[in-house]
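Labels below follow one simple rule: chain letters A, B, ... track the order of the sequence lines, proteins then strands, and each chain is numbered from 1.
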There are 2 protein chains.
Amino acid sequence: MITTRKTNKRQLILEEAAKLFKQKGFSGTSMRDLAGEVGIEAASMYNHIKSKDEILELICFRVSSTYISQLAEIEATEAPFVEKIKSLIRLHIRLMIEDGAAVSVANHDWKYLPEPALTEFKDARKQYEKGFAALIEQGIAAGEFQPVNVSVALFTILSAVRWVELWYRPGRELSAEELEANIVTMLLTGLEKK
Amino acid sequence: MITTRKTNKRQLILEEAAKLFKQKGFSGTSMRDLAGEVGIEAASMYNHIKSKDEILELICFRVSSTYISQLAEIEATEAPFVEKIKSLIRLHIRLMIEDGAAVSVANHDWKYLPEPALTEFKDARKQYEKGFAALIEQGIAAGEFQPVNVSVALFTILSAVRWVELWYRPGRELSAEELEANIVTMLLTGLEKK
DNA sequence: AATTTCCGCAAACGAATGTTTGTTAGTCTG
DNA sequence: CAGACTAACAAACATTCGTTTGCGGAAATT
């Protein structure tokens, strides 16, 4: 191994932390729990990370910056708004499947962020929601969408996509692609048959 | 005051606990925090409740039994499946608005239930989901709904309705009725204009 | 009026929390 | 080979946790 030496333990800590935080919550997870999962004493972790809070910050901001940069990419494309919204839905599902633990933590445990980070995170989320909402609004103006309340549409989509974290396990009856297709159908054409 | 004497403190504790648990999570809330909110010392609370865990159980099971009994009522009515599903969606929204703190706790902190209660709660939830899913399935069979994957439809609806807890505050731009109408539209007829 | 019950408090309990300290091997670098 | 760095550990830190105990006074019951 060449560079398996430095920050790999740090990475391992972050991964195990995400899993544990998702499972038992941030407050419900002790540094000794986490250390046990990593295969180390609690004290030894402080050779790799500054504090428990820092772990949470790293997880949350990695997720939020991923979402924000991906949103920017989608905004920049030339496509009908229907397609942009579909891309965003697929983005959420994909991230949830690929990095479910971290996304869960960013969704649920952000409230435990210590104060400078807390406002920063909330601002980032608000910025993301604003960009998402703008796409819906423009889609309505362009006549592609029904004239539904924008906030309702936005949060319905954002939430509808969250349950994947609770439900999806690889090797489920549905593949990731089928899952995406089904959710997109639900959200864009609705449950009812016309 | 006539009967302001007995179990009213207990009720107050449960209400404040629901608010605090929603705000800071079960593990993140200390008995001293809660006692402060109630206006009492932590030790004094043990005159009214058995333990912190008991508080959580009382909150969670009150919510779950409400859902289950209401589902039974709706199942018993004579109405198209579209209407039954709409009623369920409205039920979720109404409960979230009227008793948001408790519902949030039942949604997020149930995992901290101590063991006999934990399985009991999960079973109750599974029972509710099964009943809900059956209505969707029958609606598809009756040709009222699109042939979407039942689990996807179920969890999309259940989740889509949860964000109300994060978003709704009385005196918001939308009234409860408008909120219900918008969410029902989103879920049943979809965002896209045909 | 006497007595029991209710409900609050201060103090303390042991256990668990996040983190610091001092130390000790091993490994890289000059 | 000497010195510096890395990363692990055990022990201890102060604090906070949920909860128990013992006690006092007010209110309800007899």
Stem list for DNA chain C, please, built from Watson-Crick and G-U wobble pairs under 3.5 Å and keeping only runs of at least 3.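 Output for stems: C:1-12 with D:19-30, C:14-17 with D:14-17, C:19-28 with D:3-12.
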
Nearest whole angstrom, please: distance from the [atom2] of [N] to the [atom1] of [X].
X     : N      : atom1 : atom2 : value
B:N47 : D:dG22 : CG    : C1'   : 13 Å
B:M45 : C:dA10 : CE    : C1'   : 15 Å
B:K9  : C:dG8  : NZ    : C1'   : 8 Å
B:H48 : C:dC9  : NE2   : P     : 9 Å
A:I13 : C:dG18 : CD1   : P     : 14 Å
A:R10 : D:dA8  : CZ    : C1'   : 18 Å

Quick check for you: to the nearest 0.5 Å, what is the distance between B:E41 atom CD and B:N47 atom CG?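 If we round to the nearest 0.5 Å, B:E41:CD and B:N47:CG are 12.5 Å apart.
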
Given C:dC9, D:dC9, C:dC7, which nucleotide is nearest the side-chain atoms of A:E41?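 That would be D:dC9.
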
What pairs with [X] under salt bridge (charged side-chain N to carboxylate O under 4.0 Å, His left out), at least two apart in sequence or on another chain?
X      : result
B:D33  : B:K24
B:E57  : none
B:K126 : none

Taking atom types as modelled, find out whether A:T189 and B:Q146 have a side-chain donor-acceptor pair closer than 3.5 angstrom.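 The criterion, which ignores hydrogens and geometry beyond distance, is satisfied for B:Q146 and A:T189.
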
Would you please name every residue forming a side chain to side chain contact (heavy atoms under 4.5 Å, CB included) with [X], sequence neighbours left out?
X      : result
B:E54  : B:R10, B:I49, B:K50, B:S51, B:L58
B:A35  : B:I40, B:A42, B:M45
B:A181 : none
B:K130 : none

Residue pairs passing the side chain to side chain donor-acceptor pair (under 3.5 Å) test where at least one lies in residues 102-123 of chain A, sequence neighbours excluded: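 Side chain to side chain donor-acceptor pair (under 3.5 Å) check on residues 102-123 of chain A returns A:S104-A:E165, A:E115-A:T119.
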
Side chain to side chain donor-acceptor pair (under 3.5 Å) contacts in which one or both residues fall within residues 84-99 of chain A, not counting sequence neighbours: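 Only A:R62-A:D99, A:H92-A:Y128 qualify under side chain to side chain donor-acceptor pair (under 3.5 Å).
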
Any N/O pairs under 3.5 Å between the protein and nucleotides 11-18 of chain D? List them or say none.
from, atom 1, to, atom 2, distance (Å)
D:dG18, OP1, B:T29, O, 3.3
D:dG18, OP1, B:K52, NZ, 2.8
D:dG18, OP2, B:M31, N, 2.8
D:dG18, N7, B:R32, NH1, 2.8
D:dG18, O6, B:R32, NH2, 2.9

For DNA chain D, determine which residues of residues 105-120 of chain B have any heavy atom closer than 4.0 angstrom to one of its atoms, and list them numerically.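 Those residues whose heavy atoms fall under 4.0 Å from DNA chain D, taken from residues 105-120 of chain B, amount to none.
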
